[in-house]
Amino acid sequence: MVSLALGRRSAAAASGRPSPFRLLVANRLSALGLAVLVAIAALAVLTPLLPLPDPDVTDPAQRLLRPGAEGALLGTDHLGRDILSRLLWGTRVSILVGLSATAIAALAGSLIGLVAGYAGGATDSVLMRGIDLVMAFPYILLALGIVAVLGPGLLNALYAIAIVNVPFFARNIRGITLGLARREFVDAARLSGASHPAVLFGEVLPNVLPTIVVTMSTTVGWMILETAGLSFLGLGAQPPQADLGSMLGEGRKLLFTAPHVSVIPGLMIFALVMSINLVGDGIRDVLDPRLKSGALAAPGAATAVRRDTIPDAPAPGPVLAVDGLRTEFRTGDRVYKAVGGVDLTLAPGERVGLVGESGSGKSVTALSLLRLVPTPPGTITGGRVTIGGDDQLAASDEALRRLRGGRVAYVFQDPLTTLHPLFTVGDQVMEAVRAHQPLSARAARARAIELLERVQIPSAAARFDAYPHELSGGMRQRVCIAMALANDPELIVADEPTTALDVTVQAQVLKLLRSLSEERGSAVLFITHDFGVVSELCDRVAVMYAGRIVEIGPTAEVLAAPAHPYTAKLIDCVPVLGQPERRLDAIEGLPPAVDRLPEGCAFAERCPFAEARCRDGDISLDNLSGDPLSGDPLSGDRAARCVKPLWGEA
Amino acid sequence: MSWALEAEGLTRTFGGGRTLLGRRRPAVHAVQGADLAVREGETLGVVGESGCGKSTLARMLVGLDRPTEGTISIGGQDTAEPARGDRRALARRVQYVFQDPVASLNPRKTIRQTLEAPMRRLLGLDAAARRQRLAELMAAVSLREEFLDRYPHEFSGGQAQRIGIARALAADARVIVLDEPVSALDVSVQAQVLNLLDRLKREFGLTYVFISHDLSVIESVCDRVAVMYFGRIVELGTARELFARPRHPYTALLMRSAPTPGGRRIEAEAEPAELPDPLNPPAGCAFASRCPRADATCRDRRPPLEPNGGSLAACWHPLDATAPAGADLGDHG
């Protein structure tokens with residue numbers, strides 16, 4: 001079982017992440033369990049070869065010898081049988097029975113779970129009600145009942161324990177299968193001509209297998225314990241056969257006169273079950289994707305900051321001044337430079353668009369402003385973020401908490417995941433208000449309704465008591481905007497707030513954001529991949545590529561005459577409504593991985609104008625002179641990170 | 001010119017019927033009475049917002065879902081009948097490209113295993129023929145052959161979608177239904193995939209049904225376009241005509257809502273846009289509650305899809321065919 005889990009060819013190992021086996025051993029408890037388990041298993045395997053006396057030969061003359069006696073290392077029992085020999089042979093039996101019972105339970109249970117989860121409907125109901133029936137009895141009672149019907153004996157005990165554990169597998173596997181059976185790759189396999197059994201065993205089963213392995217590894221210990229329990233009661237192994245449970249049962253009567261007869265098998269059961277469970281937990285941690293993704297690592301309240309040098313404080317005035325911000329992610333021995341030195345300022349009331357493709361670092365930049373990037377794995381390694389005159393990268397957790405949702409508010413992409421499903425939207429807006437203002441419940445409620453009205457939610461007082469799932473996507477996003485407005489923020493950071501919305505709803509949300517920002521004078525940092533949206537809302541636009549801003553300037557100017565080849569290409573590769581004849585100028589290739597950034601310009605590989613000096617040294621974000629539209633010299637509010645911009649002098 | 005795909009009166013209802021106790025179960029009509037016909041070699045676009053039934057329509061066309069009513073015929077053959085007996089015959093004629101390219105690939109299978117499945121199961125090719133066809137397919141979608149032995153998580157979204165397209169081509173189907181094939185992709189990759197689709201169509205003489213929520217993508221790739229709203233086709237016409245002179249107020253609204261870089265300001269409805277309750281659909285036009293031109297007729301009687309100028313539109317008060325796009329909305333009724 002262990003080898004099955006570890007033997008799977010792993011591409012992860014090749015990509016620098018530790019292999020599953022190394023992860024398992026890195027867990028100290030699991031490593032200890034593995035060592036004990038391997039030792040016990042080796043002994044059990046070698047038992048027939050060891051020079052041991054026959055475990056079943058009685059010798060009343062030598063009865064109840066203490067451990068350490070000559071010829072009987074662990075002593076003898078009440079019939080004079082060698083305990084060491086009986087212990088090793090008994091361990092063999094217990095492990096064998098435990099493994100066989102697990103295998104039978106896993107096979108039957110997984111099969112039921114797979115079929116029920118995949119077929120659904122009536123099949124699912126019938127199978128799962130049957131499973132419920134088995135689960136309705138306390139398991140030990142059921143096992144006793146089964147053995148009582150079949151008659152005592154090791155094999156019957158094995159069947160009983162397997163049957164009792166079938167529901168455990170069936171329910172687990174059904175849950176996983178249910179999710180997988182509705183996935184797109186299952187539809188794809190059906191369209192490739194696969195029959196139902198082929199889909200179930202060829203497509204679904206390989207994805208369920210890790211769960212089966214995890215479930216087996218966490219239950220096999222239990223099964224051994226249960227076998228021992230039945231044997232202890234005299235329903236499992238029959239004399240003279242040795243089995244850990246029956247040895248314990250026989251020694252029970254002599255607990256005070258000859259404790260070693262029962263203590264030794266007891267210790268063996270303990271060591272065996274404990275080591276199996278430790279290894280099982282380790283395997284679960286390694287194989288369970290949710291645990292692997294770091295769900296167990298609780299991030300701190302703020303991103304860790306490790307800066308060598310701190311840039312000087314900027315001139316007062318801007319709402320937000322970002323200077324040389326760098327954020328890195330560390331996994332294994334890789335360092336992903338998600339944000340590689342971003343400079344950006346926002347004047348009061350200004351709306352700036354941050355445009356880029358996925359992986360360009362635009363969202364990480366937005367989250368880094370208030371240190372919302374989870375640590376681990378994120379670390380801010382450089383720069384300065386000045387909000388309200390203070391360097392927020394040096395602020396205390398308490399100061400950050402006051403700032404978050406106070407002077408600076410966030411609106412995220414998916415309102416369904418940002419709103420809590422179990423609280424009404426009114427409560428959530430109220431909470432946003434009261435987190436920063438000492439208002440009574442009544443006053444906060446009035447304020448919340450006022451906020452909901454301000455984001456144009458019809459009959460706001462009635463919707464106050466609605467739960468997020470009762471609202472449409474557009475309405476939910478309005479609620480999120482209302483929460484962002486709760487404390488009249490100076491800066492709203494909106495991370496793709498309209499990407500998940502329909503186009504007619506997007507139009508309304510954009511209009512709302514613009515009018516709110518104009519009314520209140522809030523600055524907006526708007527993160528998006530869509531130049532159309534930027535052009536609709538933003539005064540200035542910054543284009544990000546591979547963690548850095550490559551071009552920045554007034555929106556209309558940048559769109560009309562981009563200076564950086566990437567900006568130009570990014571504009572040209574999007575179809576524009578009303579221009580169907582336009583040939584889409586695709587950018588060939590992919591952005592570089594941010595853990596292996598090339599020397600020089602990150603876009604050089606894909607750039608049609610690249611030459612030798614583009615791949616040499618660090619290229620700075622330089623102001624451009626000259627107006628592309630009129631030819632006039634310009635105030636210098638456009639800049640590009642390019643040695644040979646498409647116009648103007650760098 | 002013959003029809004590659006025809007659908008008549010296509011309807012899909014979810015729920016409905018009665019419970020054990022005879023109580024009526026609520027029914028949602030995801031698609032209602034859709035008539036579609038796609039010419040050979042044509043790209044038909046289906047555009048609409050979430051909940052309009054476009055994905056349900058797509059799934060019915062490829063046999064992943066069965067229509068409650070209506071017929072589909074592909075290449076002149078009714079698919080309802082063979083689909084019952086032989087799903088494989090249908091899969092040889094029509095294939096599907098999924099929205100989420102990574103989710104549509106089994107994470108535990110190599111690309112080779114994924115691409116060989118349709119060749120083996122649908123075409124019955126032997127190992128040598130499969131090897132040759134794999135090489136052709138990978139060349140067709142511009143991927144290196146060494147990718148064949150990798151697993152899906154090693155690919156970017158754009159590469160995964162090329163693999164999804166290669167799988168659709170593997171069975172040698174002539175009709176391909178593409179359900180939002182580029183909306184999960186980055187814009188720069190989106191253009192690569194759109195250009196690839198265009199080239200494959202010309203090389204292999206394919207027919208596309210292209211489903212998307214993005215009007216600009218639809219306009220740039222489609223010959224004809226069907227606009228869906230609340231389960232029904234509300235306007236159908238050539239892309240040129242429909243986008244130049246939309247007849248249905250909903251089409252006009254969609255066009256005015258789409259932001260264009262450096263373009264005119266978008267317009268937004270004053271009232272928050274809400275779809276009608278699907279459990280309690282309105283008697284008349286579903287768009288009437290949002291439509292500035294709506295009157296009593298619109299609320300009482302459902303408009304049929306009728307010829308209007310060069311397009312078909314389901315509207316009692318269609319927009320003037322002579323006016324430019326979206327000009328006269330709002331000054332009526």
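Chain A is the first sequence line, chain B the second, and so forth, proteins listed ahead of strands; every chain is numbered from 1. Below, each value reflects all heavy atoms present in this structure, side chains not excepted, and no hydrogens, waters or symmetry copies. Note that the coordinates shown come from a computational prediction; the quantities given were computed from them, not determined experimentally.
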Per-residue contact mode, B:Arg290 against chain A (heavy atom under 4.5 angstrom): side chain
Choice from A:Pro580, A:Gly473, A:Ala586 maximising heavy atom contacts with chain B below 4.5 Å: A:Pro580
Backbone N/O of A:His564 and side chain of A:Glu551: donor-acceptor pair under 3.5 Å: yes
Side-chain donor-acceptor pair present, B:Glu49, B:Tyr250, cut-off under 3.5 Å: yes
Contacting moiety of B:Ser188, where chain A heavy atoms sit under 4.5 Å: both
Toward chain B, the part of A:Ile587 with a non-hydrogen atom under 4.5 Å: both
Option that, when pairs with chain B are counted at under 4.5 Å, heavy atom only, ranks first among A:Glu588, A:Gln506, A:Lys569: A:Glu588
Between A:Arg606, A:Met475, A:Gln456, the one whose heavy-atom pairs under 4.5 Å with chain B are most numerous: A:Met475
Greatest number of heavy atom pairs closer than 4.5 Å to chain A - which of B:Val62, B:Asp100, B:Leu194: B:Asp100
Contacting region of A:Leu510 [heavy-atom separation from chain B under 4.5 Å]: side chain
Donor-acceptor contact present, side-chain B:Asn106 to main-chain A:Glu203, <3.5 Å: yes
Per-residue contact mode, A:Gln579 against chain B (heavy atom under 4.5 angstrom): backbone
Contact class of B:Glu219 relative to chain A, heavy atoms under 4.5 angstrom: both
Per-residue contact mode, B:Leu64 against chain A (heavy atom under 4.5 angstrom): both
Residue A:Val533 versus chain B: region with a heavy atom under 4.5 Å: both
Contact class of B:Arg120 relative to chain A, heavy atoms under 4.5 angstrom: neither
Options B:Pro107, B:Gly48, B:Gly164, ranked by heavy-atom pairs under 4.5 Å with chain A, top entry: B:Pro107
Interface residue of largest heavy-atom contact number with chain A, from B:Ala91, B:Ser220, B:Ala117, B:Ser50, under 4.5 Å: B:Ser50
Under 4.5 Å from a heavy atom of chain B, the part of A:Leu559 involved: side chain
Under 3.5 Å: donor-acceptor pair, side chain of B:Lys109, backbone of A:Gly202: yes
Inter-residue atom distance B:Arg224.CZ - B:Glu241.CD, 0.5 Å rounding: 13.0 Å
Pairwise side chain to side chain donor-acceptor pair (under 3.5 Å) hits with a residue in residues 192-201 of chain A, at least two apart: A:Tyr118-A:His196
Contacting region of B:Ala171 [heavy-atom separation from chain A under 4.5 Å]: neither
Verdict with reasoning, A:Lys362 to A:Glu496, per salt bridge (charged side-chain N to carboxylate O under 4.0 Å, His left out): CA-CA 10 Å; A:Lys362 56 191 195 301; A:Glu496 304 252 14; 3.7 Å; yes
Distance-only side-chain donor-acceptor flag, B:Asp149 / B:Thr110, under 3.5 Å: no
Separation of A:Ser360 OG from A:Leu354 CG (nearest 0.5 Å): 7.0 Å
Aromatic plane relationship, A:Tyr545 with A:Tyr566 - under 30° parallel, 30 to 60° tilted, over 60° perpendicular: tilted
A:Arg351 vs A:Glu518, salt bridge (charged side-chain N to carboxylate O under 4.0 Å, His left out): CA-CA, chis, key distance, verdict: CA-CA 10 Å; A:Arg351 294 186 295 267; A:Glu518 275 163 9; 3.6 Å; yes
Option in B:Val221, B:Asn195, B:Thr114, B:Asp198 with maximal non-hydrogen atom pairs under 4.5 Å from chain A: B:Asn195
Contact leader toward chain A among B:Pro261, B:Ala191, B:Pro118, where contacts are heavy-atom pairs under 4.5 Å: B:Pro261
Non-hydrogen atoms of B:Leu61 and B:Ile74 that approach each other most closely: O-CD1, 3.8 Å
Crowding at CD, B:Glu269 (>12 non-hydrogen neighbours, <6.0 Å): yes
Most contacts with chain B, counted as non-hydrogen pairs under 4.5 angstrom, among A:Gly474, A:Gly359, A:Ala507: A:Ala507
Chain B interface, residue from A:Gly193, A:Ser535, A:Ala198 that has the most non-hydrogen pairs under 4.5 Å: A:Gly193
Approximate separation, where rounding is to 0.5 Å, of B:Tyr151 OH and B:Leu105 CG: 13.0 Å
Part of B:Arg167 lying under 4.5 Å from any heavy atom of chain A: side chain
Options A:His529, A:Arg190, A:Arg183, A:Lys511, ranked by heavy-atom pairs under 4.5 Å with chain B, top entry: A:Arg190
Region of B:Gln113 that comes under 4.5 Å of a non-hydrogen atom in chain A: neither
